[in-house]
Amino acid sequence: MLHIHNTLTRKKETFVPIVPGKVRMYVCGMTVYDYCHLGHARVMVVFDVVARWLRVSGFHLIYVRNITDIDDKIIRRAGENGESIRALTDRFVAAMHEDADALGVMRPDYEPRATEYVGQMQSLIDRLHQKGLAYVAENHDVCYSVRKFEGYGKLSGKSVDELRAGERVEVAGEKHDPLDFVLWKHARVGEPEEVKWDSPWGVGRPGWHIECSAMSSDLLGDHFDIHGGGQDLQFPHHENEIAQSEGAHGHTFVNYWMHNGFVRVDDEKMSKSLGNFFTIRDVLKRYDAEVVRFFILRAHYRSPLNYSDAHLEDARQSLTRMYTALRNVAAEDVPVDWSEAHAVRFRAAMDDDFNTAEAVAVLFELANEANRNCSAAMAAQLKGLGGVLGLLGRDPAAFLQGGVGGESGDIDAAVIEALIEQRAQAKRAKNYPDADRIRAELLAQGVVLEDTPQGTIWRRA
RNA sequence: GGCGCGAUGGCAGAGUGGUUAUGCAGCGGCCUGCAAAGCCGUGUACAUCGGUUCGAUUCCGGUUCGCGCCUCCA
């Protein structure tokens with residue numbers, strides 16, 4: 001029985017889908033004006049695993065992850081670059097896909113782009129307007145009247161009055177209340193034609209929050225099961241989505257809200273504004289993508305995750321242990337045996353709010369079992385369960401000998417093989433000083449040799 | 001200021017009212033020409049002060065420290 005920590009109640013709840021056997025999930029994706037950083041990697045990987053687990057658990061899942069391709073920063077960046085919005089966003093959508101693919105993130109079923117849903121957004125805004133929840137401000141922006149929506153703040157645990165008390169942002173005077181947010185932004189002077197749409201309230205473009213309400217209801221309906229995203233979206237973005245969707249439709253929007261923790265650097269949130277972010281592609285120059293994925297998955301999704309070279313290195317060593325087990329013991333080519341003890345524990349861990357840290361621990365125990373008894377069955381379980389997390393899918397030798405970054409990655413495999421042969425000759429001649437010298441030379445270049453009954457094998461340190 | 005989260009062994013990181021997390025690193029042993037890999041063994045870890053309890057790292061309260069949201073942000 002799957003349990004999910006629901007941000008709405010701050011408790012773990014038994015997961016019961018609205019329609020038996022079916023799950024509809026929406027995750028807030030990227031605003032595409034720059035390369036994705038590790039924080040984005042975490043959202044993609046975490047919800048990729050959520051999606052995989054739901055499917056493994058037998059649910060028919062529809063997974064939507066949106067793309068925000070219209071927003072202030074996009075407009076500004078396109079202007080700076082002297083390129084069109086579309087050219088800019090297309091470029092970064094492609095880059096995002098490259099990064100996601102590298103990390104083993106499966107494509108969601110739908111990746112709607114905001115600009116393709118402006119019509120639906122307008123209908124929704126119109127509906128809110130009709131219901132008296134939205135108003136046209138002096139400056140012709142259409143705003144949501146937060147105080148008219150009962151229950152505003154239920155997701156973030158804030159009350160409207162507390163928010164007001166803590167108000168420390170100067171607000172455009174056009175809003176009736178500082179908390180109100182923009183649904184439709186009238187066109188500003190100097191904005192390119194590309195960001196202008198006709199609407200009943202004049203030429204303009206949608207506010208940020210409305211896109212998710214519009215796209216989710218269009219693709220998943222007015223009421224669906226899971227809505228996810230990074231912790232920083234809890235307020236105001238998701239709070240506003242609730243106000244929009246429940247305000248417009250008059251019933252519950254989402255049953256389970258999930259928020260993943262931040263990636264940190266030196267115990268501070270990694271973010272664009274702090275400038276302390278590492279892009280996925282930069283990290284992938286130095287670390288294998290699977291190591292990065294493993295690094296993300298070895299912690300629980302709601303915990304903070306500290307990024308550092310030392311931690312990535314630690315993750316690399318750990319993953320090496322599992323691949324070494326799979327190299328030592330060839331896995332049987334069979335599907336996961338879910339009745340086997342480790343698989344039972346793996347399932348229990350994953351059913352407990354996607355506890356991948358615990359699930360990974362089970363993987364290590366399987367590695368130990370496989371090694372100890374030279375058990376092809378245990379190796380198969382290891383490979384199979386690893387696969388559920390999107391790990392351990394490669395040929396072990398490819399992982400162990402793959403030279404991603406590192407100080408050493410350059411020495412050619414053919415050169416290594418040649419030196420190994422030289423050393424083998426020295427060994428046959430009992431010329432151990434020479435054999436050891438060759439081994440030391442290779443080690444200095446980051447190559448570790450292992451003598452086995454079947455001959456000498458190598459891996460990158 | 002308001003609201004919320006957290007504090008676990010050298011590092012990372014789960015979890016539990018009383019019994020081994022797990023991984024990396026370290027140490028000892030087996031194996032090995034020597035290594036490596038693997039296996040076996042090994043560490044009086046649960047911020048602090050009180051309370052509840054037969055018993056608390058685990059529950060409750062205070063304190064300290066850290067972090068996050070309240071503004072664009074995954």
Side-chain angles (χ1 to χ4, degrees), chain A residues 7 10 27-31 36-47 65 68 71-73 153 156-159 161-171 179 208 228-237 239 259-264 267-274 277 294-295 298-300 302-306 308 310-322 324-325 327-329 345 349 352 355-365 367-368 370-374 400 427 430-433 435-436 439-440 443 448-453 456-459 461:
Chain A
T7 309
R10 278 174 211 80
V27 172
C28 286
M30 261 49 74
T31 300
C36 293
H37 63 228
L38 238 33
H40 301 115
R42 191 173 192 191
V43 188
M44 292 195 283
V45 168
V46 160
F47 286 99
R65 189 185 64 212
T68 299
D71 123 296
D72 288 350
K73 283 184 295 246
S156 50
K158 300 174 190 306
S159 79
D161 294 312
E162 278 165 1
L163 283 164
R164 218 173 150 69
E167 178 65 50
R168 61 180 169 84
V169 198
E170 93 230 43
V171 199
L179 292 177
W208 174 37
Q231 224 166 42
D232 43 4
L233 296 184
Q234 190 178 330
F235 188 90
H237 184 54
E239 197 71 73
H259 293 95
N260 65 273
F262 298 130
V263 175
R264 297 178 177 182
D267 285 320
E268 269 193 326
K269 175 184 174 183
M270 178 182 290
S271 75
K272 294 264 173 81
S273 35
L274 287 172
F277 62 89
F294 174 77
F295 167 68
R298 99 223 268 220
H300 186 88
R302 284 189 280 111
S303 303
L305 181 62
N306 255 312
S308 76
H311 296 162
L312 264 294
E313 187 51 39
D314 183 288
R316 195 176 73 87
Q317 294 296 354
S318 300
L319 192 57
T320 295
R321 171 164 168 82
M322 291 200 275
T324 302
R327 182 204 62 190
N328 293 349
V329 184
R345 286 179 47 215
D352 182 16
N355 191 341
T356 53
E358 180 73 31
V360 163
V362 174
L363 259 31
F364 282 112
E365 289 174 28
N368 180 257
N371 277 324
R372 181 170 27 190
N373 304 317
C374 198
L400 295 169
K427 277 184 67 177
K430 298 267 196 272
N431 181 355
Y432 294 121
D436 292 350
R439 186 170 62 194
L443 184 61
V448 177
L449 299 190
E450 298 176 22
D451 293 332
T452 76
T456 300
I457 54 177
W458 64 277
R459 66 184 167 88

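A, B, ... follow the sequence lines: proteins, then strands. Residue 1 opens every chain.
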Judged by modelled atom types alone, do Ser156(A) and Gln234(A) share a side-chain donor-acceptor pair under 3.5 Å?
-> no

Considering only heavy atoms and no angle criterion, is a donor-acceptor pair shorter than 3.5 Å present between the side chain of Asp436(A) and the base of G33(B)?
-> yes

Touch class at under 4.0 angstrom, heavy-atom based, for Arg264(A) against every strand present = sugar-phosphate

Within the pair Asn260(A) and A74(B), is there a side-chain N or O less than 4.0 Å away from OP1 or OP2?
-> no

How does RNA chain B look in dot-bracket notation if pairs are Watson-Crick or G-U with both distances under 3.5 Å, crossing ones as [ ], other-strand ones as |?
-> (((((((..(((.....[...))).(((((.......)))))....(((((..]....))))))))))))....

Gap between atoms CD and P, on Gln234(A) and C70(B) respectively (whole Å) | 10 Å

Spacing between Leu233(A) atom CG and C72(B) atom C1', to the nearest angstrom | 11 Å

Pairs under 3.5 Å (N/O, protein and nucleotides 23-30 of chain B):
unit_1, atom_1, unit_2, atom_2, d
G23(B), O2', Ser318(A), OG, 2.2
G23(B), N2, Asp314(A), OD2, 3.2

Is there a donor N/O on one and an acceptor N/O on the other, under 3.5 Å, for the side chain of Lys269(A) and the base of C67(B)?
-> no

In whole Å, what separates the P atom of U71(B) from that of C59(B)?
-> 33 Å

When you match Leu449(A) and Leu305(A) each to their closest nucleotide on RNA chain B, which lands nearer the 5' end?
-> Leu305(A)

Taking the nucleotide of RNA chain B with the closest heavy atom to each, which residue, Gly29(A) or Lys427(A), is nearer the 5' end?
-> Lys427(A)

May I have the step-by-step check of salt bridge (charged side-chain N to carboxylate O under 4.0 Å, His left out) for Asp436(A) and Lys427(A), ending in yes or no?
-> CA-CA 9 Å; Asp436(A) 292 350; Lys427(A) 277 184 67 177; over 6 Å; no

Donor-acceptor pair (no angle test) under 3.5 Å: Arg42(A) side chain, A74(B) base | no

Between the side chain of Asn355(A) and the main-chain N/O of His300(A), is any donor-acceptor distance below 3.5 Å?
-> no

Spacing of Arg302(A) atom CZ relative to C69(B) atom P, expressed in whole Å | 18 Å

Scan Arg372(A) against the nucleic acid and name what it touches under 4.0 Å (heavy atoms): base, sugar-phosphate only, or nothing.
-> sugar-phosphate

Does a side chain donor of either Asp71(A) or Thr31(A) reach within less than 3.5 Å of an acceptor in the other side chain?
-> no

